[in-house]
Amino acid sequence: MRAGRALRARVAALARRPRPARGGARDDGLDRGEGREDHGRAAAASVARESHARSGLRELLTGRYRKRTLVVCALWFCGYFVNYGISSWLPTIYGSRFHLNLSDALLYSTVTSCAGFLGCLVVALTVDRIGRRHTVTWCLGGAALCLLLLGLFAGGSASSVLIWTSLSAVFFFGANICLYLYTPELFPTRMRALGTSLGGAVNRLGVILGPIVVGAVYAGGALGTVFVTLAVVALVGSLTAGVAAEETSGRQLEDVAP
């Protein structure tokens with residue numbers, strides 16, 4: 001009997017003892033884990049905000065990217081200045097200077113554009129072997145040479161204008177199509193769209209100013225001067241690429257644009 005009473009007293013004492021909160025240790029562990037996750041997310045968000053702040057227009061114009069941005073803008077401008085300076089005025093030149101009818105003038109201009117398309121295909125097939133910088137340099141240099149020879153010696157007939165503008169179109173179309181490949185490789189992911197868009201915006205300046213300048217020069221009656229002017233612009237682009245452009249062919253993008 002005494003043993004039974006002692007057992008019941010012990011059970012009652014255990015029942016009165018305060019119990020820990022259910023799952024307390026486990027809940028504490030979960031709370032600590034959630035706290036660490038919240039801290040990690042906050043740190044990641046902070047890094048993302050800092051990266052976004054660094055990836056704006058300011059970063060394009062500082063450090064290693066400033067030179068690249070200026071070179072890209074110059075190349076886009078020169079390439080499209082020449083392109084639209086020629087293509088927008090060729091039908092008028094054929095009609096007013098060489099007295100071709102409208103259909104023949106448009107046909108001659110179309111031949112030049114088709115020659116430019118051929119240049120795009122050649123560059124697409126060879127740019128990985130030749131390299132981006134060399135492609136742009138030699139294509140703009142070739143365009144400059146063709147236009148210079150046309151302006152100085154070969155502007156006396158519609159057929160000679162057709163031949164030499166078509167040859168130059170092979171080169172400057174090829175240079176321009178290469179820029180679409182080359183420009184995105186110069187900038188990291190965080191600002192690749194901005195850098196490429198800036199180059200595209202500057203090429204619109206060339207598109208606008210090229211026909212205006214050619215029209216102003218042609219209004220003076222000097223056809224040769226028109227082609228010499230375009231040759232000078234193409235030469236500026238070629239020298240810019242040859243001296244200041246950075247080669248990206250055969251390199252990892254992470255190494256080119258960290």
Side-chain angles (χ1 to χ4, degrees), residues 71-94 105-151 154-155 158-186 196 199-214 226-242 245 247-249:
V71 168
V72 162
C73 289
L75 295 178
W76 280 102
F77 176 83
C78 292
Y80 277 85
F81 185 102
V82 175
N83 189 337
Y84 279 79
I86 288 179
S87 61
S88 63
W89 276 96
L90 271 182
T92 301
I93 291 173
Y94 285 130
L106 292 176
L107 176 61
Y108 277 36
S109 300
T110 301
V111 170
T112 297
S113 297
C114 291
F117 176 70
L118 178 62
C120 292
L121 292 179
V122 172
V123 167
L125 296 174
T126 60
V127 65
D128 286 327
R129 293 194 297 271
I130 298 175
R132 282 66 160 151
R133 182 171 66 89
H134 289 158
T135 296
V136 176
T137 300
W138 289 110
C139 280
L140 287 178
L145 179 61
C146 291
L147 292 170
L148 182 63
L149 291 176
L150 173 59
S159 59
S160 62
V161 171
L162 171 64
I163 292 171
W164 287 102
T165 56
S166 297
L167 286 174
S168 67
V170 171
F171 292 111
F172 64 72
F173 270 64
N176 290 344
I177 201 67
C178 183
L179 291 176
Y180 285 97
L181 167 67
Y182 178 57
T183 303
E185 295 178 340
L186 293 173
T196 304
V202 173
N203 91 34
R204 296 299 95 183
L205 292 178
V207 169
I208 294 168
L209 293 178
I212 292 174
V213 172
V214 168
V226 169
F227 297 118
V228 171
T229 301
L230 294 171
V232 170
V233 175
L235 182 61
V236 169
S238 177
L239 293 176
T240 300
E247 182 58 72
T248 60
S249 181

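Keep in mind it's a predicted model, so treat the numbers as computed, not measured.
The shortest heavy-atom contact between Ala74 and Thr240 is CB-CG2, 4.1 Å. Heavy-atom minimum distance, Leu90 versus Ser109: CB-OG, 3.6 Å.
Leu106 pairs by the side chain to side chain contact (heavy atoms under 4.5 Å, CB included) definition with Pro91, Leu102, not counting sequence neighbours. For Val170, the side chain to side chain contact (heavy atoms under 4.5 Å, CB included) criterion is met by Ala115, not counting sequence neighbours. By the side chain to side chain contact (heavy atoms under 4.5 Å, CB included) test, Ala158 pairs with Tyr94, Phe98, Leu100, Tyr108, sequence neighbours left out. With sequence neighbours excluded, the residues that form a side chain to side chain contact (heavy atoms under 4.5 Å, CB included) with Ser238 are Thr137, Leu140. With sequence neighbours excluded, the residues satisfying ring pair (Phe, Tyr, Trp, His ring centres under 6.0 Å) with Phe77 are Phe81. With sequence neighbours left out, the ring pair (Phe, Tyr, Trp, His ring centres under 6.0 Å) criterion links Tyr180 to Trp76. Listed by chain and residue number, nothing satisfies the side chain to side chain donor-acceptor pair (under 3.5 Å) test with Thr135 (two or more places apart in sequence, or in another chain). Tyr182 pairs by the side chain to side chain donor-acceptor pair (under 3.5 Å) definition with nothing, not counting sequence neighbours. Listed by chain and residue number, Ser157 satisfy the side chain to side chain donor-acceptor pair (under 3.5 Å) test with Ser159 (two or more places apart in sequence, or in another chain).
Between Asn203 atom CG and Ile208 atom CD1 the span is 9.5 Å, to the nearest 0.5 Å. Annotation: the span from Phe227 atom CZ to Leu147 atom CG amounts to 7.5 Å, rounded to 0.5 Å. Atom CH2 of Trp138 is separated from atom CG of Leu145 by 10.5 Å, given to the nearest 0.5 angstrom. Taken to the nearest 0.5 Å, the CD1 atom of Ile212 stands 10.0 Å off from the OG atom of Ser88.
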Mind listing the side-chain donor-acceptor pairs of residues 121-128 below 3.5 Å, one per line with the distance, residues two or more places apart or on another chain?
residue : atom : partner : partner atom : Å
Thr126  : OG1  : Val122  : O            : 2.8
Asp128  : OD1  : Arg132  : NH1          : 2.8

All N/O donor-acceptor pairs, side-chain side in residues 171-179, below 3.5 Å, sequence neighbours left out:
residue : atom : partner : partner atom : Å
Asn176  : ND2  : Gly79   : O            : 3.3
Asn176  : ND2  : Phe172  : O            : 3.3

Requested in this report: Show your working on side-chain contact (heavy atoms from CB on, under 4.5 Å) between Thr183 and Leu75 and close with a plain yes or no.
Outcome: CA-CA 10 Å; Thr183 303; Leu75 295 178; over 6 Å; no

Requested in this report: Start with the C-alpha distance between Val202 and Tyr80, add both sets of side-chain angles, then the distance that settles side-chain contact (heavy atoms from CB on, under 4.5 Å), and finish with yes or no.
Outcome: CA-CA 9 Å; Val202 173; Tyr80 277 85; over 6 Å; no

Query raised in the report: Yes or no on side-chain contact (heavy atoms from CB on, under 4.5 Å) for Val161 and Leu150, after CA distance, side-chain angles and deciding distance?
Result: CA-CA 7 Å; Val161 171; Leu150 173 59; 4.2 Å; yes

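Pairs of residues two or more places apart, or lying in two chains, that qualify as side chain to side chain donor-acceptor pair (under 3.5 Å) and include a residue from residues 161-175 are Thr112-Thr165, Thr112-Ser166.
Inter-residue side-chain proximity for Val214 and Thr229 is flagged as unmet; no heavy-atom pair is nearer than 4.5 Å.
Remark: the backbone N or O of Arg133 is paired with a side-chain donor or acceptor of Glu247 at under 3.5 angstrom.
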